[in-house]
There are 2 protein chains.
Amino acid sequence: MSNRTAENIFDTLVDGIVAGRMTPGEPLVEQALAEQFGVSRTPVREALHRLEQANLAERGARRAFVVRKMAPEDLAELFEAAGEVESALAALAANRMSEIERRRLEAILGEGDACNDPQSYGDINARFHGTIQSGARNGILAATLDELNLRTLAWRAANFHEDSSRLASSRAEHRAIAQAIFAQDGEATRRLMRSHVASSYIIVADILAKRAP
Amino acid sequence: MSNRTAENIFDTLVDGIVAGRMTPGEPLVEQALAEQFGVSRTPVREALHRLEQANLAERGARRAFVVRKMAPEDLAELFEAAGEVESALAALAANRMSEIERRRLEAILGEGDACNDPQSYGDINARFHGTIQSGARNGILAATLDELNLRTLAWRAANFHEDSSRLASSRAEHRAIAQAIFAQDGEATRRLMRSHVASSYIIVADILAKRAP
DNA sequence: TATCTTGCATATGTATACATGTTCTTTCAA
DNA sequence: TTGAAAGAACATGTATACATATGCAAGATA
């Protein structure tokens, strides 16, 4: 079965990493992956290079690729960077979102209040952030955030399950952000979004610290 | 001579694009480049894929790669994105730069005042921004800015030569930014840096508008 | 026993041939 | 003259063989 193309293989590997099925340090050998996917080394090779560029893979022994390990300092930088970019997007969105988009955001808030299942709350959370992201009217900055989030996702999936107390505070933070957006107060929106991202960082870092002290 | 490796070829092509020797829309054909560099298609291919990922190349007719053309709206988004990221870095730097770094920044300011040659002022300008960038203590966010700047550079090089009036206002803006950093006023630094990047955008956009109205 | 050297195992880097897909051109018919 | 269909041309996608580099292990030598 060689219906898999380079793009396809890349997506599969990304998914495996962000879903936590492939653990940091795990080797990514061209030949082995080629046999596994039923293709030659060439498309696998291309996929691995893209992984490296996306900072999801790095070089290990014998120049081999391995799933990237991140130091705790890298994690802090990563969340700080994502927080800065997403809060910038939110500040822009506060001044640029259409009336329709604002109403959609309000609706998403309502869905979040009515939802207690962590799984589907994750979905609602993604739609909340996605609505703000597209409301900023800057595709390049949005793509930049996507890149960064790909990397935070790898951590979240491996280490983080939303608990109910986090769910409650997430709701409150979302509402505060939305209110700042409705008031078209860019700077308040920026500040609130930054601290929202920071609090999700604290949880991930906390779980990590407890796990490997 | 085939001392050139994939990395080398990538760098050469990037340089050619940002320096304006390769114009937007120019085809990048694997076979032709391979012969030109004296290597096979394989390393050229890899370089082209990296160019595409860096948004410096895109697909043209017959799936061929061409040097990326940017619409004016893209340019606006790009500078806005770069402005947000760099101003975030500057805000962080205002609170994190060491005493030594602050003195270095002051020295660079002095060099800028003493310099009237646009060429070497470009150098000083790069060192000013580089000092702030590294003073922010966030390598990931700094790398993000580098990526964006690679793309703005392609425009600047093709369309922009600093004139002396711009040089004077650039000096004044740098001094204002530095003073906000010395005062450890993150928010003022952010605001000033954002408007500094925006004014360089205005110049590029202006020249562009006069060129192809 | 410690260390340096040599050789091999392993994984990526490159070259080349062939496969695939897309566009342009030519040709034939209405 | 126009339109559609077929095929040639061109460019990338993939497979495979060979080249190169790197780390590890074994053995020789001080």
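In terms of modelled atom types and a separation under 3.5 Å, the side chain of Glu77(B) and the main chain of Gly139(A) share a donor-acceptor contact.
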Inset, instruction - Would you please test Met22(B) and Leu28(B) for side-chain contact (heavy atoms from CB on, under 4.5 Å) and show each step? - result: CA-CA 10 Å; Met22(B) 311 182 96; Leu28(B) 297 164; 3.7 Å; yes

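With respect to the salt-bridge test (charged N to carboxylate O, under 4.0 angstrom), the residues Glu58(B) and Lys69(B) do not qualify. Remark: Glu101(A) does not engage Arg96(A) in a salt bridge, criterion side-chain N to carboxylate O under 4.0 Å.
When the P atom of dT12(C) is taken as reference, atom CZ of Phe65(A) falls 7 Å away, rounded to whole Å. Spacing between atom CG of Leu51(B) and atom C1' of dT12(D) amounts to 15 Å, rounded to whole angstrom units. When the P atom of dT12(C) is taken as reference, atom CG of Leu48(A) falls 7 Å away, rounded to whole Å. One can place CZ of Phe37(A) at 13 Å from P of dA15(D), the figure rounded to the nearest angstrom. The nearest whole Å value for the distance from the CD atom in Gln31(B) to the P atom in dA9(D) is 16 Å. Following rounding to the nearest Å, Glu46(A) (CD) and dG13(D) (P) show an atom-to-atom distance of 7 Å. What separates CZ of Arg45(B) from P of dC10(D) is a distance of 20 Å, to the nearest Å. Taking atom CG of residue Leu33(A) and atom P of nucleotide dA11(C), one finds them 11 Å apart after rounding to whole Å.
Side-chain atoms of Arg68(A) and Leu56(A), non-hydrogen and from C-beta on, never get closer than 4.5 Å to each other.
Among dA15(D), dT14(D), dT12(D), the nucleotide with an atom closest to any side-chain atom of Arg59(B) is dT12(D). Each of dG13(D), dG13(C), dT14(D) was ranked by its minimum atom distance to the side chain of Glu30(B); first place goes to dG13(D).
By the 30° and 60° cut-offs, the orientation of the rings of His174(B) relative to His129(B) is perpendicular.
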Inset, instruction - Spell out protein contact along nucleotides 18-25 of chain C as letters: B when the base is contacted, S when just the sugar-phosphate is, - when no protein heavy atom is under 4.0 Å; keep the 5' to 3' order. - result: -----SS-

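In terms of phosphate contacts, Thr5(B) brings no side-chain nitrogen or oxygen within less than 4.0 Å of OP1 or OP2 of dG13(C). In this structure, His49(A) does not reach the dT12(C) phosphate: none of its side-chain N or O atoms is under 4.0 Å from OP1 or OP2. Thr42(B) has no side-chain polar atom (N or O) that falls below the 4.0 Å cut-off from OP1 or OP2 of dT14(C).
Listed by chain and residue number, Glu7(A), Phe10(A), Gln53(B) satisfy the side chain to side chain contact (heavy atoms under 4.5 Å, CB included) test with Arg50(A) (two or more places apart in sequence, or in another chain).
In this structure, Leu28(A) reaches the sugar-phosphate backbone alone: every heavy-atom distance under 4.0 Å involves primed, P, OP1 or OP2 atoms, never a base.
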